[in-house]
Amino acid sequence: MINFLFLVTLLIYLAASIFQTLSLAISNRSEAAILRPTIERVAFWGTSIGFAFLTLFIALWWLTQGHFPMTHWTDSTAFFAWAITLIYLIIVRLTHLRTLGSFVMPVAFIAILISYSFATHTAALPEPLQNYWLLAHTSLIFLGYAAFIAAFGFGLMYLIAERKIRKKTDTLLDNLLPSLGVSDELGYRCTILGVILLTMGVIVGSLWTQYIRDVPWRWLDAKVISTLMTWFIYVLQIGLRQFWGWRGRRAAYAAIIGFVAVLCTYVGVDLFLDSMHTYR
Amino acid sequence: MNQIVSIGTSHHVAPIEFREKLAFSEAQLTESLQHLRESYQIHEAIILSTCNRVEVYAVANSVRTADTAAKMLVEFLAHYHRIGVESLKKWTYLHHNLETIQHLFRVTASLDSMVVGESQILGQVKAAFDTSREAGGAGTILNRLFTKAFSVGKRIRSETTIAAGAVSISYAAVELAKKIFNTLEGKTVAIVGAGEMSELTAKHLVANGVSNVIVANRTYERAVKVAEKFNGTPIAYDSDLGFLVDADIVISSTDAPDYLIKRHPLANIMRKRRHRYMFLIDIAVPRDIEPDVSKIDHAFLYNIDDLEAVVASNLKDRQQEATRAEQIVAEEAKRFYDQLQVFQVNPTIKALHQQFREIADTELQACFYKATLSDEQEEAIASMTQAIVKKLLHHPMQNLRYAVNDGDADHGQYIQALQELFALDVNDDNSDM
């Protein structure tokens, strides 16, 4: 039953991602342009419905597991997708910029796909870690990552729009993309939000270590170092912008570098390095 | 039978010298509408008179053919404006019924305009409609027709992009600026050198939110003069370009033979303004801004050719959208025409039915009075009579409806014939519409 629910969620996310991408890919000059409003609507409602299903799924999983489902990088991806969608929906709510979905929804879909493929690999969570510290620590960090993914989406939107303006072609199509100033500004705000959430998550995590006695803790953990490096990349980016005016294209590239850093921290460390955060 | 006809002239078919002769001033409109209805057999009329077109839409219901109605419109124009019938025939177009409907829909949707998709025409048609309504010129049919034309125009504007994209250089500049900055509010535009085009562009930018204007000119007096128009700041042009530090948008149109704004000095300026975006518009020939400037991060350069290419591409897009819009017009015009036909046939059908039923009823009463019949027998005879009436009317009605639905032009004659043969008293004002 719960697996079926997950499959349905996966398919809705697949459909929503395809429609989100389609809505941006259709040229204004093509015959299909008339379909675009419908496609946009389907994409957005698909995203919203998918989010509702995913929320239900995580809640059920939580109940059946007895603790917050965050034991392995493969099962936490469901929560990651949830966080990405939540941040996206909040941004749409505030700015009405649905186009962002064309960039972040595929990421959310891949996250769910990974989660679905490895769902059986749920690892047992040591007893002392089953508490609200886990919930606060991981969800803050994942929401922070989700905000970075949104910043990455805005960075891509900036680069595409800038390319169009520089190439001096196609003036109608990029009506869908916000102006350079808007992409840049919103990407920056997402970065700040991400840094705040990540900082809070790290603080909660380090406080938590004070309370764990039964599990050995070491500061020189691959995950910890990698997370701090990611954090530093984003903080540096904010500093450069504030003091040297690194905005626009440079900020967009920085958002992409940050995105890679997030992926390395999240997936790379677990796969290739030994860390106590993986619970293997 | 109602005939909807129109006569008109536009920039497509006639030179300005002719169009101005045919134009109606606002004061003439009411009077000419009255004249048209009193002296000719025209029941409803609307006159549309703009600088690009003069058109008269009319409904005549007491004439047999649309040609006769059209002829009256020609006579009216010839008489009213004292123009020879020959030149009227040469420079005007006549439309009948479906053609008229289609033409009005095209005009209202601005498919017939000089710049396809322009927005003024809808307002102009509305004004013509209102004037005519106040003067009692528009009756039921034109009311329906024009109301439909407005909704078709709106449908086309929302379902196609014929009205999208700037089609003038100055608007193209504004649209591009909107794609670069998150808002134009609080932004500064610098006009370097002065000219009509740069002033016009600056005007549009200010109308869209730009709040500061700097005018730089070699002659300070000239700068002052232009700056006054925008409540801006005049400065004497200075080759170190220091004033560009504050400029978000630069419009350059001097007659200098060499580049005034070059890459390296501008890169320094960009650093000083901490890489905030700068949109540079070079409308000078020979150019004022070195093309390499566009290699600087956050500096976006468009010259006159680039802007013209934007306009050309937008116009092309509009043309393409126009084909889709034409399909909508054709489909809506046909639908409206069919509805109108059905609607015009209804009174005759009703009258015929009523007449037959009345005759049957009278005869039945007479028969019941003469003969003594049981209730059962009376009922049988009554229902038989009804069946006869129904069967007699069946084929004529069916064929009439077919004729209408097939768009067969003959049905007008059928109706005429029915009305005359059966001496029907049909209420022709269509008040039950």
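To find a chain, count down the sequence lines: A is the first, B the second, and so on, and within it residues start at 1.
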Segment of [X] engaging chain A (4.5 angstrom heavy-atom cut-off):
X	result
B:Ala312	neither
B:Phe300	both
B:Leu301	backbone

(request) Could you tell me if the ring centre of A:Phe152 sits under 6.0 Å from that of A:Phe103? (result)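 No, the ring centres sit 6.0 Å or more apart.
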(request) Decide if atom CZ of B:Arg157 counts as having more than 12 heavy atoms of other residues, nucleotides or ligands within a radius under 6.0 Å. (result) yes
(request) Answer yes or no on whether A:Arg241 is positioned over the face of A:Tyr188, meaning its NZ or CZ is under 6.0 Å from the six-membered ring centre and within 45° of the axis. (result)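 Yes, A:Arg241 lies over the aromatic ring of A:Tyr188.
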(message) Let's test your reading of the structure: which of B:His275, B:Glu159, B:Lys178 forms the most heavy-atom pairs below 4.5 Å with chain A?
(response) B:His275
(request) Determine the option with the most heavy-atom pairs under 4.5 angstrom with chain B, choosing from A:Arg247, A:Arg250, A:Arg249. (result)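 Highest number of pairs under 4.5 Å: A:Arg247.
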(request) Could you note down all residue pairs passing salt bridge (charged side-chain N to carboxylate O under 4.0 Å, His left out) where residues 273-285 of chain B supplies at least one of them, sequence neighbours left out? (result) B:Asp248-B:Arg273
(message) Tell me which one of B:Val293, B:Leu266, B:Val245, B:Ile249 satisfies side chain to side chain contact (heavy atoms under 4.5 Å, CB included) with B:Met278.
(response)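 Of the listed residues B:Val293, B:Leu266, B:Val245, B:Ile249, the side chain to side chain contact (heavy atoms under 4.5 Å, CB included) partner of B:Met278 is B:Leu266.
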